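Working notes, beginning with the structure itself.
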There are 6 protein chains.
Amino acid sequence: MRDRLDEIPFPDPGQVYELVRAALVEDGAFRDVTTQSIVAPDQQGRGNLLAKESGVICGLTVVVTAFTAIDSEIELRTRAVDGDWVHAGTEFASVVGPLGPMLSAERVALNFLQRLSGIATATRAMVQAAGGLPVRILDTRKTTPGLRSLERYAVRVGGGYNHRFNLSDGILIKDNHIAAARSRGLGIAEAIRQARALSPHMLRVEVEVTDLDETREAVEGGADVILLDNMGVPVMAQAVEMARGRCLVEASGGVTVENVREIAETGVDFISSGSLTHSAKALDINLEVMTAELG
Amino acid sequence: MRDRLDEIPFPDPGQVYELVRAALVEDGAFRDVTTQSIVAPDQQGRGNLLAKESGVICGLTVVVTAFTAIDSEIELRTRAVDGDWVHAGTEFASVVGPLGPMLSAERVALNFLQRLSGIATATRAMVQAAGGLPVRILDTRKTTPGLRSLERYAVRVGGGYNHRFNLSDGILIKDNHIAAARSRGLGIAEAIRQARALSPHMLRVEVEVTDLDETREAVEGGADVILLDNMGVPVMAQAVEMARGRCLVEASGGVTVENVREIAETGVDFISSGSLTHSAKALDINLEVMTAELG
Amino acid sequence: MRDRLDEIPFPDPGQVYELVRAALVEDGAFRDVTTQSIVAPDQQGRGNLLAKESGVICGLTVVVTAFTAIDSEIELRTRAVDGDWVHAGTEFASVVGPLGPMLSAERVALNFLQRLSGIATATRAMVQAAGGLPVRILDTRKTTPGLRSLERYAVRVGGGYNHRFNLSDGILIKDNHIAAARSRGLGIAEAIRQARALSPHMLRVEVEVTDLDETREAVEGGADVILLDNMGVPVMAQAVEMARGRCLVEASGGVTVENVREIAETGVDFISSGSLTHSAKALDINLEVMTAELG
Amino acid sequence: MRDRLDEIPFPDPGQVYELVRAALVEDGAFRDVTTQSIVAPDQQGRGNLLAKESGVICGLTVVVTAFTAIDSEIELRTRAVDGDWVHAGTEFASVVGPLGPMLSAERVALNFLQRLSGIATATRAMVQAAGGLPVRILDTRKTTPGLRSLERYAVRVGGGYNHRFNLSDGILIKDNHIAAARSRGLGIAEAIRQARALSPHMLRVEVEVTDLDETREAVEGGADVILLDNMGVPVMAQAVEMARGRCLVEASGGVTVENVREIAETGVDFISSGSLTHSAKALDINLEVMTAELG
Amino acid sequence: MRDRLDEIPFPDPGQVYELVRAALVEDGAFRDVTTQSIVAPDQQGRGNLLAKESGVICGLTVVVTAFTAIDSEIELRTRAVDGDWVHAGTEFASVVGPLGPMLSAERVALNFLQRLSGIATATRAMVQAAGGLPVRILDTRKTTPGLRSLERYAVRVGGGYNHRFNLSDGILIKDNHIAAARSRGLGIAEAIRQARALSPHMLRVEVEVTDLDETREAVEGGADVILLDNMGVPVMAQAVEMARGRCLVEASGGVTVENVREIAETGVDFISSGSLTHSAKALDINLEVMTAELG
Amino acid sequence: MRDRLDEIPFPDPGQVYELVRAALVEDGAFRDVTTQSIVAPDQQGRGNLLAKESGVICGLTVVVTAFTAIDSEIELRTRAVDGDWVHAGTEFASVVGPLGPMLSAERVALNFLQRLSGIATATRAMVQAAGGLPVRILDTRKTTPGLRSLERYAVRVGGGYNHRFNLSDGILIKDNHIAAARSRGLGIAEAIRQARALSPHMLRVEVEVTDLDETREAVEGGADVILLDNMGVPVMAQAVEMARGRCLVEASGGVTVENVREIAETGVDFISSGSLTHSAKALDINLEVMTAELG
């Protein structure tokens, strides 16, 4: 089978371009009063992308988009690809071309690159903590509004997998849905039946459960997947046992690098973590202009 | 003078509406197969916004926008306003109205609310760490692409101040500009002169300096503000001395809750921190639907 | 369980509004030189929506959107709801309000209404032809570019069900995918395995097959659903037998009102038909202005 | 004079690109989970466009746009041009290039091509039915919302002509306008006068009439064109007589391939038919991937 | 017949709203640092719109749109309507409501109002100069990019009439088209014939001529209208004579308030002037805030 | 220091492209019925841009954008650059390529070019009138909605300078702000203080004053710049005296080519004039197609 990393599909380039254009406009990159008054129009430059801390690089295509969106003559020369681990102090790419536009787009390029590299780095840490166990680390829908496609890409670059993209491509019956069903006299099994009856037939049904009673109800009701929400590890293990051979099992809630291995050892198929996208620390990366080389 | 918090201007509501609409579409909120097959069209509901950890609430207007964008009959009843500190376990607002759309918009509302509250909380921590000293805590341009207006608002709600919005409303001569100028034989003073000559007269000129030589050059060149980049505290104190009465002083680089007070005590006018926006942890907030009240 | 028709979710109203606005602009409704020069600005009117042939009405919400988008004082008074069968000659709704804008928006309102009613009518015919048998009539992705949400809604109003919305919410391994896999030495079973390994876990895997050998390969390879493409009815029956108890079965290709019952009787779970959306005849509907009532 | 087919102007390519992009996004073409997990990123392919039934090909430029919008390396090699009649079984073009994106864009390309070819085919049939008579077959404003430019192009490719594009480029006083005028005490002649007085001077005035009295009123009132709405053929002939040498005559209402010749023989100048665009059957066309050639 | 001014249709309000929103964003009205730091959030105000010079008021609806787009509580109280002549020093309307947003939107409101009033005033002057003669003063396509609808409205408010809206709603064979035709061996008559053969039948054909030879060619070729381009008055009179009873006549080129009457007296039907829109002086109008009334 | 004209930054090309596309659509350039029926698809042409009056050329980049946006094969061959003074009768550029699209885009190209050249010409006149004196001629925010970037560029091409771009990049306390402050008991000095306290630290504070009392108040209150609004020249001179060495001085209100020198001689640093953008006469420029060269 093909090497996994090779085939991570990059999001719609048209959408990425629109995001980058909007970010450049937001940042006033086309009215950069400082650069336009100090850098000569014909000045060429070279800047090195320098990792100030160690981590997984992610987003080089976005960096190219940002620089070429402002000036098509700027070129990115890379010494790493998305997914590479770089050590603090590594210059992993160079930007070469007209200096003025390069400086005007620098911040936007870095804002994307640092965020995506941060997410990939956090994912890599969690994946490695569960290393060797047959479990997938998943993202969630707790992504930055507008950036979901890119952030999911970063999770895959980091070694994780993607959960459903959004509310339309997966049936996930959560606590609030169960509450809604119960208030109308329906149990979990009826909710599952109704979801199947009224939704496209190509979607699986996953059910969020919080204790063993609900677990049993969901498994017996025919759920394809159950989501163990914030369960303690021992209970989780019992739930896994109950589901064995009947449905897949996902664990979620309070997952950290510290406890992910213990959770994985219960035998769950998936572990999902919102913090990968909503709270990842940006990776510190700089653009350092080489004065010696300025023409 | 007016109470500061009262007058924090909320960003362009039209732009916020567009961001929220785009986020709802991104999340498939109008094709929520789970909710549409389980929740009855006429079912009413009530959900409580519950802080799972302590922090500063920020973004309630965005929450209202998200819920009313999907169904104008949903109402938010608040027991807190932006800027309030809430303790873990507090239910600070309730969402009341049609249950189906409420569940379909829940994630988008929370994604905004958790991020903005996270930024406000991180800012509040830094402001309090420097409490009592005549210094402003500032944001930077290291914001999430597309969300700058909202994130800057969150910094102010947290007690901080805003730096320039973007490249068009402030002249900030950074290390790379100085390098570009030097490569053409111009010193800092000439760069300042040229920036003034070619830019709108209503913008001040700030210059980034990394040591005392550059500080002297910038101050004597007539900078309105100098930005001390990653200087050690003792050197910073000397720079402040050198600038006294001649220009304002901003410190930046590696600022943390731990060291912000020490930096502030050097007498700088401003301390800016990118981590407030690029690496703030989301505040953990849930929507808990009240089953007892479901009609 | 709830009445099925009651709960058909209408597409995103914001998107529908945008479609209607664009259609009004496309039709020059705001520069209607005829109406603006002949109808007095203060003239009120009443028009009846008249079915010139029998069929299922669908799209009244879009009609309301079209008229109110041009003038918020226009009102639609309905004597039917989406899904009702009306006989030729029935006036099923009235439009009341300012006459000028009513005439300017008439064509756009009818263009949507006639198309959606045509689709609902064609679907109803096929559903009734298979009446009493445990099969779902499904739409396909062969919809009008830009109008998929509305056209899928019309299929449901007509009594049909929806297949996957698009390429992101269902894994359907078609003939061309199988060819691509085979050219790399992979059989159907490996293709299924690879799709599961690299896609979100909440999507089922459906496989298109054209003969009994492929059917066996897909069923034994673990497909959740098989799609019998353009098979003759006797072969189809054998394929259904082969799949019994192991996976769901969809039939497609050359489905008509005439042969749908015969296909359904083979025991397939789903029958999908592109002609419901790509070739449905528009239902003939007029707006007749009542001169007697003009003020 | 130039060959007519050569000079049919294709619609605004920028608008067509936007339509195609929107259709690709609607179809999830950039998140095609099946293709992305089964087709190798570097796999090249060749697909043949095969007419499954006979008809007029229309829309090859849109096909090119769809494939290059997803991957600029995909190439279309054509053996036919828009307007060519192809027989069932003909492979009239090949698509060559990266296989994954080709499959992801296939449906969108075909949805446009099948619809436009269907319209061109229906138009060709009607034009040929009236062959040899000095009459123009016209489209109407009964087009698919958003696709008017393309559908009018298809009518011309089929051999027909275009009526006014929309409400702003032609004065057409219809039954409802006449009713509105009469209710204010104005006859047809006054309506014509008023339309001329208040509209740009470069537009002709056409009047819809339903019987000979109205025909006389319109002709004597100075109409440039009269539109005979749903008249029987004998009455139509009398109306043509009445208009001879004084104004042009258009027939509309219930036009079919069967009756178009009889209508044309009355001597009308134009025959318009909404069914060309609102009810044309899509032409059945497939993309067949050549497995032998897959690399 | 109805009073002419009453029925001037205002452009598409949706488009006007978009123009106004874009202008507010362009002007930074939602980030008005001055107003947001000086005016209290709850401060109410009243501003008077004062004509600093005499002229025709035009654009009050746009003014309302601008103020309500920023704050729906702002109200416009008018003492004049579009088309009224106001004398220098007249306060013709008041703006009442929240003071901060009022000041933030002031410039945008005035930029529209001053431009449109300037165009209406220039038009009124030309109309009055030709007063009593049976001629229409027309605008041209020499309008501000993006503002054509509004500027054409201003011409009508000033008493003028509109030429074709754009290239799609009128056939105007200009000097460059004639040159193109001639280079292919076609004369004016053939060009007219070809235009009729290939364009929608509801458009008249107008031909631009520069001397009497071309005039004769166009009249005899069957033009509906001829456009006398930059002819001297005596020649113009001869051309009018030549066209009498056969086609309408428009004069254009170098029209001024001084010479318009002399041109009109030649008997032309229309006089068009680009300067009405491309070079009209803005009417000087101020917003004066009443301090006495500030709450 | 670099030559000033060389470094005038052209506005965001992406935005200019959007403006041009919108203008082409507004003008119906893609549905040009005249050109499409008279000019042969393969006809090539050459048109000369001819200045019908003397002035400063500005906007050649926009001209290129307009022609290439409609057909990428059209080429502009220039004999002048933005900022050049051309005499009446000069052919300063040629357009070469497909003739049909060239004619369809002609009006849009000229509408931009004439307006921008008009502004540049008006600015040049005022700059020259003040020639030799140390004063900057400035634009204002009285620009055409949507075209501010281009119009500001034209002012610079004409030799002027730009004031703040919009309300977000400069603090300008105007009469209405002072009135608002006073009504709450605050004087000019307090308003300045408050503006500084609540706005980004990189913006200067300018205060509009109308007499010497206010001038004193503003200067002593610490304004960075004062704006003398509609003051007589003698009073202006006194105000300049009062401000000397303490703040910069801008004059505004009623500035003309006739009085600008007298105002400049008072010693003000800046003179701003709204008429440069809101009332500049378009420069008369034609596109003359060369028939001799038509192929």
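Throughout, a chain's letter reflects where its sequence line sits, starting with A, and its residues are numbered from 1. What you are looking at is a predicted structure, and each value in this text was computed from that prediction instead of being measured. The figures here come from the full heavy-atom set of this structure, side chains too, leaving out hydrogens, waters and symmetry mates.
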Interchain contact, V108(C) with chain D, by part (heavy-atom threshold 4.5 Å): neither

Out of L147(C), L167(C), L172(C), which one racks up the most heavy-atom pairs below 4.5 Å with chain D? L167(C)

May I ask you to name which of T144(C), L19(C), I171(C) has the most heavy-atom pairs under 4.5 Å with chain D? T144(C)

Per-residue contact mode, R164(C) against chain D (heavy atom under 4.5 angstrom): side chain

Specify which of V25(D), T143(D), D169(D) makes the most heavy-atom pairs with chain C at under 4.5 Å. T143(D)

Between E288(C) and chain D, which part of the residue has a heavy atom less than 4.5 Å away: side chain, backbone, both or neither? backbone

Side chain from CB out, backbone as N, CA, C, O: work out which of these in A22(C) comes under 4.5 Å of a heavy atom of chain D, or both, or neither. neither

One thing to verify: whether D27(C) and R148(D) come together as a salt bridge, which I'm taking to mean a side-chain N less than 4.0 angstrom from a carboxylate O. yes

Test item: side-chain donor near acceptor, S252(C) and S272(C), under 3.5 Å: yes

Answer yes if the side chains of D229(D) and T210(D) hold a donor-acceptor pair under 3.5 Å, and no otherwise. no

Let me know if L203(C) has heavy atoms under 4.5 Å from chain D in its side chain, its backbone, both or neither. side chain

Indicate yes or no: does K142(C) engage D284(D) in a salt bridge with an N to O separation below 4.0 Å. no

Side-chain donor-acceptor contact under 3.5 Å, Q43(C) with S183(D): yes

Do the charged groups of E190(C) and R196(C) touch, with an N to O distance under 4.0 Å? no

Using non-hydrogen atoms and a 4.5 Å limit, figure out which bit of V205(D) sits close to chain C: side chain, backbone, both or neither. neither

Chain C shares the most heavy-atom pairs under 4.5 Å, among A195(D), A29(D), G118(D), A23(D), with A195(D)

With a 4.5 angstrom heavy-atom cut-off, is it the side chain or the backbone of I173(C) that approaches chain D, or both, or neither? both

With respect to chain C, which residue among G146(D), A191(D), G170(D), G47(D) yields the maximal number of heavy-atom pairs within a distance under 4.5 Å? G146(D)

Which of the residues H278(C), H177(C), K281(C) is involved in the greatest number of heavy-atom pairs with chain D at under 4.5 angstrom? H177(C)

Which atoms of R115(C) approach chain D - backbone, side chain, both or neither, heavy atom under 4.5 Å: side chain

Is it the case that the side chain of T277(D) and the backbone of G274(D) share a donor-acceptor pair, with hydrogens and angles ignored and the cut-off at 3.5 Å? yes

Side chain Q114(C), main chain N111(C), donor-acceptor under 3.5 Å: no

Taking R182(D) first and then E217(D), would you say they form a salt bridge - that is, a charged N and a carboxylate O separated by under 4.0 Å? yes

